Amino acid sequence: MVYRRNKMESFFSKSVKIASVVAAYWVISISMVFLNKYLLSSKDLKLNAPLFITWYQCVVTVGLCCLLSALSKAFPNHISFPSIQIDTQVLKGVLPLSIVFCCMISFNNLCLKYVGVAFYYIGRSLTTVFNVVFSYTMLQQTTSIKAIVCCLIIIGGFFMGVDQEGVAGSLSVMGVVFGVLASASVALNSIYTKKVLPVVDNNIWRLTFYNNVNACFLFLPLMLVFGEIGEVWSFPKLGNTTFWTYMTIGGVFGFAIGYITGLQIQVTSPLTHNISGTAKACAQTVLACIYYQDHKSPLWWTSNFVVLFGSGAYTEVRRQEMKVKHKLDMAQISEKMEEGEDSSEKELISKFC
C-alpha cells in the first residue's frame, strides 16, 4: 500500500513537473513574441531600429551568461553553469554559425515588425520545408515521399494564408519576404549548430555565449550601414527607464527561451516538444486575434489549420521513420552479437578438437 502511494506520488510529481515546464515554455515564448512586436512596431515607441533591438538582446544574453558563470563559481552546489572565458580560436570556429544566427534573429524580428502576431506563424511556416531542402542539398540526406507530401501541404497552407491576408487588406510583402528568409535561416541554423557544437565541447551554453559575443560585433557595422546609429541617437525615449526595462526583459526572454526549450525536450521528448510548439503557435494566433481585435475569414483560419496539420503530420511521419530505423539498427546489432558469439564458440571448438 505504501509502495503504491509512493508510486502515485512520484507519477503525480513528474506530471506536475512536465506540466510546469510546458506551461513555462508557452508563457515565455508567447510573451517574447508579443513583447518583441511591441518593441518593433509600437505606436508608443516609434523606434525604427530592429537591428539595434536585436543587438541589445544579444548583449543581455552575454551578460546573463557571465553572471551565471560567476554565480556558479560562487555557489557550485546550487548553480551549474560552464566556466566562461574568451577564446579567439573558438570565436573563429563558431563564426559561420554566428553569421547564420544573426540572419535568423534579424529576419525573425523584421518579419514581426511588418506582420501581425496572428500572421507571424504562417509567415515563418516554411522552416520544415527548408529543413528538407537543406538536408538534401547540404547533407545529402534523402526524404521519404510521405514527408515530402507533408511539406507540400505546408506550402499550400502558406500560400493560402498569404492570399487571405491579401484579401483582408493587411498583407505586407516585405513581411512575407522576411518570413521566408527567417524560415530558411532557422533551418540553416539547425544544420550549422550540429556542425559547430564540437568546437565548444558539445556544450550548448558555451555555444550560446560565443554565438552571442560574435553577434554583438557583427551587428555593429550592420547598424551603421542601415543608419540605425543616428536613429537610436535621436530617439526621444533613449533615457526612458520604462523603455530600457522592456528592452532588458526582451533580452531575458531571448535567453530564457533557449533554456526552457532544452528543458522541455529533456523532460518530454523531441516529438512532444514539436507538438507543444505547434499547439503553442495555434494558441498564440488565437490570443493575437483577441488582443488586437482582428476579425479573420473562415478561409484564413483554414490556412492556419492546413499549416498546423502539415507540420503535425510531418512530425509524426519522421517519428515513425525514426522508430523503424531504430528497430533495424537494433536488429543489426543483435545479429552482429550473435555472429560474435558463434565465432567465439568456433574458436573454442577448434582449440579443444
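Nothing here was measured: the structure is a model prediction, and the numbers come from that model.
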Which atom of [X] lies closest to which atom of [Y], heavy atoms considered:
X      : Y      : value
Phe219 : Ser106 : CE2-OG, 3.0 Å
Val199 : Gly93  : CG1-CA, 4.2 Å
Pro50  : Leu110 : CG-CD2, 3.5 Å
Leu97  : Val196 : CB-CG2, 3.8 Å
Leu39  : Ile53  : O-CD1, 3.4 Å
Asp294 : Ala118 : OD2-CB, 4.4 Å

Please check if any side-chain donor atom of Ser29 sits under 3.5 Å from a side-chain acceptor atom of Lys280, or the reverse. yes
Are a donor atom and an acceptor atom from the side chains of Lys113 and Asn36 found within less than 3.5 Å of each other?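 Lys113 vs Asn36: no donor-acceptor pair found between side chains.
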Evaluate Ile257 against Tyr25 for side chain to side chain contact (heavy atoms under 4.5 Å, CB included), listing each step before the verdict. CA-CA 7 Å; Ile257 194 65; Tyr25 169 77; 4.0 Å; yes
Taking the ring of Trp300 and the ring of Phe119, is the distance between their centroids below 6.0 Å? no
Are Phe235 and Phe243 an aromatic pair by the rule of ring centers under 6.0 Å? yes
Less than 4.0 angstrom from a charged side-chain N to a carboxylate O is my criterion; do Glu316 and Lys146 meet it? no
Between Leu51 and Asn109, is the side chain to side chain contact (heavy atoms under 4.5 Å, CB included) condition met? List the steps. CA-CA 8 Å; Leu51 294 176; Asn109 282 346; over 6 Å; no
Distance from [X] atom [atom1] to [Y] atom [atom2], nearest 0.5 Å?
X      : Y      : atom1 : atom2 : result
Leu197 : Asn203 : CG    : CG    : 8.5 Å
Ser98  : Phe101 : OG    : CZ    : 8.0 Å
Leu181 : Cys103 : CG    : SG    : 9.0 Å
Ser303 : Phe159 : OG    : CZ    : 13.0 Å
Leu35  : Leu40  : CG    : CG    : 9.0 Å

Side chains of [X] and [Y], heavy atoms from C-beta outward: is any pair under 4.5 Å?
X      : Y      : value
Leu47  : Phe52  : yes
Met138 : Tyr192 : yes
Phe209 : Val62  : yes
Val176 : Tyr114 : no
Ile290 : Val286 : yes
Val117 : Tyr291 : no
Trp55  : Leu222 : no
Ser297 : Val167 : no

Got a sec: does the [atom1] of [X] have more than 12 other heavy atoms crowding it under 6.0 Å?
X      : atom1 : result
Phe309 : CZ    : no
Gln140 : CD    : yes
Tyr246 : OH    : no

Chi angles and distances behind the side chain to side chain contact (heavy atoms under 4.5 Å, CB included) call for Ile122, Phe158: CA-CA 6 Å; Ile122 295 291; Phe158 169 79; 4.3 Å; yes
Given side chain to side chain contact (heavy atoms under 4.5 Å, CB included), test Ile105 with Cys58 step by step and report yes or no. CA-CA 10 Å; Ile105 55 179; Cys58 292; 3.7 Å; yes
Measure from the side-chain N and O atoms of [X] to the backbone N and O of [Y], and report whether any donor-acceptor pair falls under 3.5 Å.
X      : Y      : answer
Thr61  : Gln57  : yes
Gln164 : Leu299 : no
Lys37  : Leu112 : yes
Ser69  : Ile84  : yes
Lys237 : Asp44  : yes
Ser80  : Pro76  : no
Asn108 : Met104 : yes
Thr302 : Pro298 : yes
Ser72  : Leu68  : no
Asn212 : Thr208 : yes

same_hphob_cluster([X], [Y]) at 4.5 Å side-chain heavy-atom cutoff:
X      : Y      : answer
Val177 : Val129 : no
Val317 : Tyr314 : no
Met32  : Val60  : yes
Leu308 : Met160 : no
Tyr121 : Ile155 : yes

Is there any salt bridge (charged side-chain N to carboxylate O under 4.0 Å, His left out) pair reaching into residues 191-218, and which pairs are they, with sequence neighbours excluded? Asp201-Arg206
Using salt bridge (charged side-chain N to carboxylate O under 4.0 Å, His left out) as the criterion, list what pairs up with Glu231, not counting sequence neighbours.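 Glu231 satisfies salt bridge (charged side-chain N to carboxylate O under 4.0 Å, His left out) with no residue once adjacent residues are dropped.
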Give the ring-plane orientation class for Phe130 versus Phe134, where under 30° counts as parallel, over 60° as perpendicular and anything between as tilted. parallel
Should Trp205 and Tyr210 be marked as a ring pair (Phe, Tyr, Trp, His ring centres under 6.0 Å) after you check the CA-CA gap, both sets of side-chain angles, and the distance that decides it? CA-CA 9 Å; Trp205 285 122; Tyr210 281 106; over 10 Å; no
